[in-house]
Amino acid sequence: MSPRVLPTVLTAALIGGILAATPASATESHQRPVRLLGEQIVPNSLQFQGTTVGGLSSIDYDPRTGGYALICDDRSAINPARFYTATFPVSAHGVGPVTLTGTKPLLRPDGTPYPPLTQNDPAKPQNEQTIDPEELRVDPWTGDYYWSQEGERTATTLIDPSIREARRDGKYVRDLPIPANEKMTPTTGPRQNLVLEGITFAGFGALIASDVEGPLLQDGPESTRTTGGVSRITLQGRYGPVLAQYAYPQEPIFASPVPDGAFATTGVSSMLAVDQADPTKFLMMERSFVTGVGNKVRVYEIDTKGATNVLNVKSLAEAKNVKPVKKRFLFDAADLGLSTVDNLEGMTWGPKLPNGERSLILVSDNNFSATQVTQFVALAVPSERL
């Protein structure tokens with residue numbers, strides 16, 4: 001049966017102390033589906049203002065310009081770590097071409113660009129060390145940028161993830177505090193490259209929500225073909241105080257790799273407040289890749305109301321009677337009629353459409369690979385679906 005008519009809801013199944021999200025058979029035939037307005041592909045290796053365009057890991061609508069801000073996850077290996085601005089016309093009749101309008105490097109407190117990993121100096125403060133940029137949001141109060149990065153975990157290097165504020169010209173402002181359980185230690189904290197992929201403003205800009213892409217080391221294993229992992233969502237005030245964390249049940253990996261034992265992964269690549277007035281409802285993008293099969297990208301709506309605050313829970317794997325967020329399936333990118341489902345990593349609300357639908361804009365990270373694409377996608381989301 002098509003996933004368009006199979007929403008995901010919570011059942012009362014208790015697995016390892018976490019109430020798990022499982023599919024239930026309930027049709028929504030009265031609801032209009034999420035539909036494709038159009039897509040645009042940016043040429044690979046496009047040169048713009050002395051940089052190579054690619055690795056676009058997030059997108060956010062900027063009401064001050066009517067355009068979009070995008071972060072690049074280049075770790076200063078090709079060009080200095082940076083963000084772009086662009087325009088992308090969206091209407092009920094389709095979408096226009098993507099026009100880049102600017103780019104700036106993200107800067108350290110001393111005003112210099114971040115170094116590549118190979119030139120990192122571990123003796124410097126953490127906010128001057130190499131970064132792995134992932135998501136950028138426009139501050140609805142000031143127009144500044146808040147952005148996340150994943151840090152580093154190797155046998156010899158531990159760099160904490162972070163959420164940072166920057167001016168619109170890329171100048172460093174400050175680091176926000178992160179929960180102690182999200183800091184890198186030899187035995188606890190985030191896994192390598194499964195860290196702060198998504199951030200979003202909520203509560204009219206008074207709050208910042210963030211997600212960890214995969215389970216923390218202390219929270220249990222990653223998703224497998226048969227079992228979904230459990231990651232954390234953090235809610236904090238815009239000036240820093242960490243207020244709460246919630247358990248987020250991820251889906252199992254959607255297919256087995258070919259050949260057996262090859263690389264397969266899944267995780268949350270972006271999160272977005274459903275409505276700035278509601279600090280409890282978010283969209284969560286789960287992005288998966290399976291060798292020999294390809295990508296799968298699904299978006300869910302979640303609600304934190306009634307979920308257990310797990311901020312002080314040391315291990316979700318060992319916790320008892322933890323109630324996770326409520327989770328409901330919204331759409332699968334495979335059902336949209338796209339030319340390809342690539343490595344979609346970012347999403348933002350775009351302009352409202354005349355019939356009351358909301359436009360949702362997605363962007364893919366091509367990993368600077370000749371076999372992948374930088375893809376901009378515009379969708380129409382009916383109001384009754386949220």
Side-chain angles (χ1 to χ4, degrees), residues 1-8 23 25-44 54 56-61 68 70 86-99 251 253-255 266 268-272 274 283-290 292-301 327-367 369-386:
M1 192 175 292
S2 168
R4 288 173 184 260
V5 294
L6 285 179
T8 298
S25 296
T27 62
E28 290 182 330
S29 57
H30 63 287
Q31 293 187 345
R32 293 173 292 171
V34 175
R35 60 188 177 86
L36 177 67
L37 292 172
E39 64 177 314
Q40 293 284 335
I41 305 296
V42 173
N44 272 1
L56 301 181
S57 290
S58 76
I59 184 168
D60 202 35
Y61 180 71
Y68 300 88
L70 306 107
T87 58
F88 177 49
V90 176
S91 73
H93 306 291
V95 300
V98 177
T99 301
E251 300 300 307
I253 294 177
F254 71 97
T266 193
V268 181
S269 63
S270 183
M271 72 180 299
L272 177 66
V274 170
L283 299 187
M284 307 294 285
M285 177 184 283
E286 290 195 42
R287 180 272 322 272
S288 307
F289 174 77
V290 175
V293 182
N295 298 290
K296 179 170 281 292
V297 180
R298 291 165 287 189
V299 173
Y300 298 85
E301 182 188 43
K327 181 179 180 184
R328 181 175 65 88
F329 174 82
L330 187 60
F331 68 87
D332 186 328
D335 298 332
L336 298 174
L338 295 167
S339 61
T340 183
V341 177
D342 209 277
N343 184 34
L344 293 166
E345 284 201 5
M347 60 180 171
T348 185
W349 294 115
K352 285 193 175 181
L353 303 175
N355 63 357
E357 293 177 310
R358 301 177 73 181
S359 66
L360 183 67
I361 314 301
L362 315 179
V363 71
S364 70
D365 173 0
N366 72 345
N367 293 309
S369 168
T371 62
Q372 295 181 253
V373 297
T374 298
Q375 182 182 31
F376 286 72
V377 176
L379 308 177
V381 182
S383 57
E384 68 266 21
R385 297 301 303 270
L386 300 170

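Residue numbers count from 1 along this sequence.
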Sequence neighbours excluded, every pair satisfying salt bridge (charged side-chain N to carboxylate O under 4.0 Å, His left out) that has a member inside residues 345-354: Arg287-Glu345
State which residues pass side-chain hydrogen bond (donor to acceptor under 3.5 Å, both in side chains) with [X]; sequence neighbours excluded, sorted by chain then number.
{"X": "Ser288", "result": "Thr266"}
{"X": "Glu301", "result": "Arg328"}
{"X": "Ser269", "result": "none"}
{"X": "Thr99", "result": "none"}

Partner set under salt bridge (charged side-chain N to carboxylate O under 4.0 Å, His left out) for Asp365, not counting sequence neighbours: none
Run the side-chain contact (heavy atoms from CB on, under 4.5 Å) check on Leu37 and Leu353 step by step: do they pass? CA-CA 11 Å; Leu37 292 172; Leu353 303 175; 3.9 Å; yes
Shortest non-hydrogen contact between [X] and [Y], atoms and distance:
{"X": "Leu338", "Y": "Ala333", "answer": "CD1-O, 3.9 Å"}
{"X": "Leu336", "Y": "Leu36", "answer": "O-CB, 3.4 Å"}
{"X": "Gly356", "Y": "Ser383", "answer": "O-CB, 4.2 Å"}
{"X": "Leu56", "Y": "Leu70", "answer": "CD1-CD2, 4.1 Å"}

Listed by chain and number, what are the side chain to side chain contact (heavy atoms under 4.5 Å, CB included) partners of Ser270, not counting sequence neighbours? Glu135, Arg137, Met285, Met347
Sorted by chain and number, sequence neighbours left out, side chain to side chain contact (heavy atoms under 4.5 Å, CB included) with Thr371 holds for Ser369
Using a 3.5 Å distance criterion without hydrogens, assess whether the side chain of [X] forms a donor-acceptor pair with backbone atoms of [Y].
{"X": "Gln375", "Y": "Leu344", "answer": "no"}
{"X": "Glu39", "Y": "Ser339", "answer": "yes"}
{"X": "Arg385", "Y": "Leu330", "answer": "yes"}
{"X": "Ser359", "Y": "Pro351", "answer": "yes"}

Does any part of the side chain of [Y], heavy atoms only, come nearer than 4.5 Å to the side chain of [X], both counted from C-beta?
{"X": "Leu360", "Y": "Leu272", "answer": "yes"}
{"X": "Val274", "Y": "Leu283", "answer": "yes"}
{"X": "Val363", "Y": "Val377", "answer": "no"}
{"X": "Val373", "Y": "Asn366", "answer": "no"}
{"X": "Phe289", "Y": "Asn343", "answer": "no"}
{"X": "Val34", "Y": "Val299", "answer": "no"}

Could you grab the distance from atom OH of Tyr300 to atom CG of Asp332, nearest 0.5 Å is fine? 7.5 Å
Measuring from atom CE of Met271 to atom CD of Glu286, what distance do you get when rounded to the nearest 0.5 angstrom? 12.0 Å
Hits for ring-ring contact (aromatic ring centres under 6.0 Å, His included) against Tyr61, two or more places apart or cross-chain, chain-then-number order -> Tyr68
By ring-ring contact (aromatic ring centres under 6.0 Å, His included) - contacts of Phe88 (at least two apart): Phe376
Using side-chain contact (heavy atoms from CB on, under 4.5 Å), reason through Met284 and Lys327 one step at a time and then give a plain yes or no. CA-CA 9 Å; Met284 307 294 285; Lys327 181 179 180 184; over 6 Å; no
Going by atom types only, do Gln372 and Asn367 share a side-chain donor-acceptor pair under 3.5 Å? yes
